[in-house]
Amino acid sequence: MGKTEKYNHMKLIKEYAGGHRHLITLGRCLAAISAIMTLIPYYELWKIIRTAVNGENLDNIEVYAWTAVGLIVGALLVYIVALFCTHIAAFRVQSNMRSSLMRRIITLPLGVFDEDGTGKIRRIVNDSTAATETYIAHNLPDKTVAMVTPIGLLVLVFAFNWKIGLICMIPAVIGFLCFAFMMGKGMQEKMKEYQDALDNMSSEATEYVRGVPVVKTFGQTVHSFKRFKTCIDGFGKWATEYTLMLRFPMAGFMTAINSIFAFIVIASFVVTGDGIGSADILNIMYYIIITPLITVALTKIAYSGEAEMTLIDALKRVDKIMEIEPLEESESKKEPTDHSIKLKNVTYRYKDATRDALKDVSLSIEPGEHVALVGPSGSGKTTLAELLVRFFDVTSGEILIGGVNVKELSSQSLMQQVSFVFQDSRLIKKSIFENVRMCKPDASEKEVLEALKKAQCMDIIEKLPEGIHTVIGEKGTYLSGGEQQRITIARAVLKDAPILILDEATAFADPDNETKVQAAFAELSKDKTLIMIAHRLSTVMNADRIYVLDDGKCVETGNHEELMNKNGLYKSMFDEYTRSIEWKVGA
Ligand code: ADP
């Protein structure tokens, strides 16, 4: 295993703990004191055995016994206080981590949520912070106990008979070596692979659940979930390989630490070689009682190592989100002068992609103009639309809205200018009323109803049990993809931004829904600058201007007639489209 740089997780934890960091230190000190207090009764026990074996004053036994009981109860109480301290600190760390993450997440470009998947981000916010909380609250005091106990045990083991002590240490050393071997086998790397696999499964599971309505609506098959199955199969394979890799060192570790009794037998023969005396009986009895503690201590150390690796991995995941560059917010208070859009030599390449998704695209849209983007799948239509609202920032070139570079507009001002309805627009688990007025929180019920009417949503509202106050996703109230899109259109109608970006759905469950969505789009785009990502050419014929994209480049521009006369890509796409319609009619 290559040497990895030491990750200072405690420093990071203390930073998140802020003023509560001292509670962590106090908790650990108390845990150490409790560990020592737990060991002293074994000395009292030795005195009891000695009193009994040597026939000394038996009254002393009661004193020793009560001292032991007192120490054990005291140790327990001290440990409870230690846990109390670490729990308070742990909750503070978890809450601070979640707040920092949430503060960071809202500054991130919207595109990050596409790239990394909301499932993954949700898992980091929930699970990684929870792992940190568990580590501080439980594993840290346990680890302190696990570290202090062996030192105390060494004293106890060697203080009474060093020969027996030495023999008893042999399995402990073998166990330790097996453990060190396991840890050396790229364990941190394995832990990362394990967490990555969990992340992928979580992401895919979220997509799977979200995808169910689409799959049902569009009559797809179980093969649509191939990625989900692949990542589960991959995890199964990984887990098997990992288990097989560790089977020998783990078996060695467990055998060694559980074979300490066998070594006591050997030790008994060694010390009683010259004949057995009362001191030997005392020591052997004492060692029979104390040696299981070595097993317990070593097991605890093993588990605390594992907990630490889980924590380091969790912290690194949190770091990964914290390291994503937030969307640059401009200091300038520039406001757009009109509702035009201009792209000047815009090039964009996705993170880690090998080729540009958009290449040197320039276009100009006048205020109030209705423009359609067409082109084969993967030609860059969605990327272009997403760049306009800063899902990402351009790799080179610039985008101007109302004459101002979008990077120089505050995000608030940009969002006031532009409304977008993408295909996968989602509703949150609140009432339709709240969903629609998200963009205008003070909108009245009358305004919301008006917007819903314009977006052709009244048939949806009428069939819901509590009308616009029905909570989506509750009591079996679910909407189809087309119905959800109409509600998001109502949201955009209410927002009434002067620039609109619409992503037409690629397919609809039924013609009625399609007609209604088209009518809602038409109502929404009145008197607005409109950019429509068109997937079916029937809807673009009336556009003022059509931009044809191919492989990230803008290859043709003009209105329908002009493009048909050019005899280029648009014409061939349109002819293809007409043929497909005729074929359907013929069929
Ligand atoms: P369209 O909307 O025309 O179908 P897109 O804008 O979605 O096309 O995609 C343009 C190109 O960018 C395609 O080659 C696609 O594979 C790539 N692409 C889209 N989204 C991502 C992403 N998140 N990461 C990497 N590449 C992407």
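Quantities reported herein were computed from a predicted structural model and do not represent experimental measurements.
The salt bridge (Lys or Arg N to Asp or Glu O under 4.0 Å) contacts involving residues 554-571 comprise Lys571-Asp575, where partners must be two or more places apart or lie in separate chains. Pairs passing the salt bridge (Lys or Arg N to Asp or Glu O under 4.0 Å) check and including a residue from residues 395-409, sequence neighbours excluded, read Lys334-Glu408, Lys344-Glu398.
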Assess whether ring-ring contact (aromatic ring centres under 6.0 Å, His included) is satisfied between Phe392 and Tyr350, documenting all intermediate values. CA-CA 9 Å; Phe392 316 93; Tyr350 283 96; 5.3 Å; yes
Side chain to side chain contact (heavy atoms under 4.5 Å, CB included) assessment of Val540 paired with Tyr570: CA-CA 11 Å; Val540 305; Tyr570 180 82; 3.4 Å; yes
Check step by step if side chain to side chain contact (heavy atoms under 4.5 Å, CB included) holds for Glu483 and Lys463. CA-CA 12 Å; Glu483 288 172 334; Lys463 68 180 181 197; 2.6 Å; yes
How far apart are the C-alpha atoms of Asp496 and Lys528, what are their side-chain angles, what is the distance that settles it, and do they pass the salt bridge (Lys or Arg N to Asp or Glu O under 4.0 Å) test? CA-CA 9 Å; Asp496 200 27; Lys528 306 254 158 58; 2.9 Å; yes
Show the numbers, then the answer: is there a salt bridge (Lys or Arg N to Asp or Glu O under 4.0 Å) between Asp442 and Arg437? CA-CA 8 Å; Asp442 56 349; Arg437 68 172 195 169; over 6 Å; no
Do Thr557 and Leu363 pass the side chain to side chain contact (heavy atoms under 4.5 Å, CB included) test, and can you show the C-alpha distance, the side-chain angles, and the key distance before you say yes or no? CA-CA 9 Å; Thr557 173; Leu363 53 89; over 6 Å; no
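A donor atom on one side chain and an acceptor atom on the other are not found under 3.5 Å apart for Ser128 and Arg317. With no hydrogens or angles considered, no side-chain donor-acceptor pair links Arg545 and Asn559 at under 3.5 Å. The closest side-chain donor-acceptor pair between Ser413 and Glu335 falls under 3.5 angstrom. Side chains of Tyr348 and Ser396: no donor on one and acceptor on the other come within 3.5 Å.
The ring-ring contact (aromatic ring centres under 6.0 Å, His included) search around His339 returns none, not counting sequence neighbours. With sequence neighbours left out, Ser444 forms a side chain to side chain contact (heavy atoms under 4.5 Å, CB included) with Lys446, Glu447. Phe433 pairs by the ring-ring contact (aromatic ring centres under 6.0 Å, His included) definition with His469, not counting sequence neighbours. For Phe91, the ring-ring contact (aromatic ring centres under 6.0 Å, His included) partners at least two apart in sequence or on another chain are His87.
Closest of all the heavy-atom pairs between Ile546 and Ala543 is CG1-CB, 4.3 Å.
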